[in-house]
J.: 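Got a structure for you, written out below as structure tokens; questions coming shortly.
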Number of protein chains: 2
Amino acid sequence: MATKTKITIQDIAEKLNITASTVSRALNNNPRISEDTRKAVLKVAKQLNYQPNNIAAALRNGKSHIIGVIVPTADRKFFASVVRGIEEIANKLNYKVIICQSYDSYEKEVQTIDALLNARVDGIIASIGKDTEDFSHYKKVLASGLPLVLFDRTTDQLDVSQVGINDYLGSYKIVEHLIQQGCKRIAHFTSPKKISIFRERLRGYTDALLDNGIPFDENLVISSNLQLEGGRQSMEKLFEAGDLPDAIFSASDYGAMGAMQVLKERGIAIPERVALAGFSNEPFTSFTDPPLTTVDQLSLTMGNITAELFFEQFKIKDKKFVPQRTVLMPEIIIRQSSLKKR
Amino acid sequence: MATKTKITIQDIAEKLNITASTVSRALNNNPRISEDTRKAVLKVAKQLNYQPNNIAAALRNGKSHIIGVIVPTADRKFFASVVRGIEEIANKLNYKVIICQSYDSYEKEVQTIDALLNARVDGIIASIGKDTEDFSHYKKVLASGLPLVLFDRTTDQLDVSQVGINDYLGSYKIVEHLIQQGCKRIAHFTSPKKISIFRERLRGYTDALLDNGIPFDENLVISSNLQLEGGRQSMEKLFEAGDLPDAIFSASDYGAMGAMQVLKERGIAIPERVALAGFSNEPFTSFTDPPLTTVDQLSLTMGNITAELFFEQFKIKDKKFVPQRTVLMPEIIIRQSSLKKR
DNA sequence: ACACTTTGCGCAAACGTTTGCATAAATATT
DNA sequence: AATATTTATGCAAACGTTTGCGCAAAGTGT
């Protein structure tokens with residue numbers, strides 16, 4: 001027999017001839033309640049199969065114990081892992097997570113923020129959409145006094161805590177690795193998007209070259225959408241230009257994969273003739289042939305840290321909180337696609 | 001100047017010298033409100049930057065406009081895509097989604113259900129954990145009168161709507177395909193887990209063989225955890241047994257990948273000497289060399305349909321709802337790993 | 001001009017908790 | 001024994017909406 005009508009603390013109270021206040025306090029372990037009544041309340045609660053109504057509590061307390069997480073898309077491994085990292089921490093602290101996807105659309109991002117605000121989340125964790133250039137919707141969050149933490153896709157225009165990885169150094173280290181392998185003409189696949197991560201990767205590439213006495217050649221920097229097809233096209237362009245480079249560093253694994261396909265189709269040996277490296281450590285990179293050298297972004301860790309930063313800010317509440325920026329050091333994963341020397 | 005104190009419909013009402021009821025009705029497009037006041041209310045609402053308090057509304061209405069989704073893990077592409085499919089539909093109908101992960105733990109699954117119940121979600125969509133054998137927590141959901149829909153990992157023990165794919169036929173068709181390619185001794189990698197999807201795939205494999213006059217040989221069925229390492233070990237076992245089969249159908253892509261690695265290390269030609277097929281259409285399968293033949297599970301579609309089923313049930317409300325079972329027909333994706341004939 | 005319907009809005013209760021204040025009983029202090 | 005303190009509980013308001021009911025004003029039909 002299921003309880004047809006939802007049972008409340010009132011029901012418990014009546015059964016015990018006490019008031020709802022006492023029941024509430026008993027359930028919340030308020031010290032001003034005697035052990036006896038607490039026991040009794042707990043017993044009846046179990047017996048009636050009482051389910052607390054968090055909504056009522058949330059209304060009363062002004063806290064929903066829910067935090068909103070905005071990601072461009074949830075079905076990319078990187079974001080899925082970050083979300084998982086966030087959830088690990090949040091659940092431990094008894095918070096639930098609402099995941100929203102912006103699909104990299106500015107419109108959707110704005111709507112989502114409004115929706116989360118209306119849902120009265122206790123704070124927001126977000127990765128900014130690719131096309132977002134105006135940040136007033138995020139400022140609205142801050143204005144409501146809610147904690148906001150950004151990860152991965154960060155910005156200088158918002159004075160909030162952020163955690164990202166050092167794209168510059170990841171890029172720098174991987175190019176340096178290619179140079180150590182004896183590569184002299186290293187091409188770079190990048191994106192025309194003005195998003196900072198690609199600019200940083202380009203900068204790392206450039207600096208690594210210069211620091212090692214290799215001249216920068218703008219003809220070796222190819223722009224595309226960095227998807228598989230973009231990588232293929234970029235590779236074709238390099239062939240058309242003649243004088244094949246001896247290494248390619250793509251700012252995305254998909255781009256590198258496109259290059260690998262074209263190279264293999266043309267019978268070019270990887271890594272002997274052309275070494276290859278990508279960025280992101282997508283799950284597929286360990287399964288390609290040869291396995292692809294790449295940069296791991298520590299997604300799970302990023303999620304953990306982001307959440308920790310969030311809750312830290314959470315605790316401090318009223319006192320003026322000083323936003324913190326955490327920059328993770330990416331790990332380069334060296335696999336056979338770049339190992340010219342054994 | 002951000003509005004320091006949250007503004008409510010009361011504030012709007014005062015400013016216009018009307019009551020909160022009128023404001024509420026105006027905002028909800030109640031026809032009993034004149035166009036003039038509606039306009040005025042909307043204007044002031046915008047001007048004051050009013051954010052509706054969904055929690056208050058949820059308390060009053062008994063509807064939170066949030067639905068809970070439970071998946072074993074959010075960072076596997078398949079589940080991430082299903083969730084995305086669910087969200088597409090849900091958001092369209094103005095519902096938000098809370099994603100919870102059970103990590104395939106029974107304990108966690110039970111806790112999660114309780115948490116969602118307390119959060120007063122309007123319904124639950126779930127994929128059952130691997131180890132779950134008792135379903136009383138799900139029955140609790142039904143007892144509270146909340147809609148419940150299951151996907152992928154389904155069960156006969158609950159009388160609810162479910163949507164899955166026809167693992168049997170996916171398996172059957174892919175084995176048939178291998179046979180058409182001329183394979184006569186086809187090995188199968190499976191899991192010892194008692195979870196029905198693997199049983200079904202094994203059944204499809206067996207039936208396809210028998211229907212095509214190929215005797216079933218239990219020595220060709222190898223059990224493992226179906227991860228990469230499991231696939232490698234299973235492959236090694238086949239080598240040890242001598243008399244290599246001419247095809248391998250793994251119930252998971254990772255298992256197939258493990259086999260591919262070992263085969264390549266031993267210089268066995270794929271697909272000429274041994275054809276290979278997996279299951280799930282993991283993202284990496286198109287990037288292996290050779291690309292892996294596999295079965296696509298239509299994850300996005302599954303999410304869409306699950307959500308539609310959910311909301312259908314939602315609408316009907318009180319009338320007795322008859323649970324529906326939808327079985328999607330998986331698509332076999334034929335790639336080079338199984339193409340012996342050109 | 002009368003009765004009747006429609007239109008537009010206000011009143012007040014309700015949703016289920018939590019909590020400051022009050023109070024009675026029990027205990028401690030002098 | 002009288003007063004002060006502690007302990008355990010009750011009272012009632014509050015959180016911000018929504019909505020049934022009621023009522024006056026405006027509109028309709030005869």
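Naming: A, B, ... by sequence-line order, numbering from 1 per chain.
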J.: Residues from residues 25-45 of chain B sitting under 4.0 Å of DNA chain D, heavy atoms only?
T.: B:Arg25, B:Asn28
J.: What do the steps show when you test B:Glu35 against B:Arg38 for salt bridge (Lys or Arg N to Asp or Glu O under 4.0 Å), and what is the final call?
T.: CA-CA 5 Å; B:Glu35 255 333 283; B:Arg38 187 190 319 280; 3.1 Å; yes
J.: Please find the earliest and latest nucleotides of DNA chain C, in the 5' to 3' direction, that have an atom within less than 4.0 Å of any heavy atom of chain A.
T.: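 That gives a stretch of C:dG16 to C:dG20.
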J.: Report the C-alpha distance between A:Val121 and A:Ile67 in whole Å, list the side-chain angles of each, state the deciding distance to 0.1 Å, and finish with yes or no for side-chain contact (heavy atoms from CB on, under 4.5 Å).
T.: CA-CA 5 Å; A:Val121 294; A:Ile67 70 187; 5.5 Å; no
J.: Whether the B:Ser34 and B:Asp36 side chains hold a donor-acceptor pair (N or O, under 3.5 Å, no angle test) is what I'd like checked.
T.: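 Judged by distance alone, the side chains do not pair up.
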J.: Quick check on the 6.0 Å ring-centre criterion: do A:Phe314 and A:Tyr95 meet it?
T.: yes
J.: What class does the angle between the rings of B:Phe135 and B:His137 fall in, given that below 30° is parallel, 30 to 60° is tilted and above 60° is perpendicular?
T.: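 Taking B:His137 first and then B:Phe135, their aromatic rings lie parallel (interplane angle under 30°).
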J.: Within this structure, what is the CD1-CD1 distance for the pair B:Ile55 and A:Ile66, rounded to the nearest 0.5 Å?
T.: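 That separation rounds to 7.0 Å.
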J.: Looking at every strand, decide which applies to A:Thr8 at a 4.0 Å heavy-atom threshold: base, sugar-phosphate, or nothing.
T.: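 Counting heavy atoms under 4.0 Å across all strands, the contact made by A:Thr8 is with sugar-phosphate only.
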J.: Taking any heavy-atom pair under 4.0 Å as a contact, classify B:Ile18: base, sugar-phosphate, or nothing.
T.: sugar-phosphate
J.: On DNA chain C, compare the nucleotides closest to B:Ser21 and B:Arg120; which residue's is nearer the 5' end?
T.: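 Nearer the 5' end of the strand: B:Ser21.
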J.: Does this structure show an ion pair linking A:Lys108 with A:Asp131, if we count only N-O contacts that are shorter than 4.0 Å?
T.: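 Between A:Asp131 and A:Lys108 there is no salt bridge, as every charged N stays at least 4.0 Å from the carboxylate O atoms.
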J.: Heavy atoms under 4.0 Å, any strand shown: does B:Asn17 hit a base, just sugar-phosphate, or nothing?
T.: sugar-phosphate
J.: Begin with the C-alpha distance, continue with both residues' side-chain angles, and end with the deciding distance and a verdict on side-chain contact (heavy atoms from CB on, under 4.5 Å) for B:Val71 and B:Val82.
T.: CA-CA 9 Å; B:Val71 290; B:Val82 176; over 6 Å; no
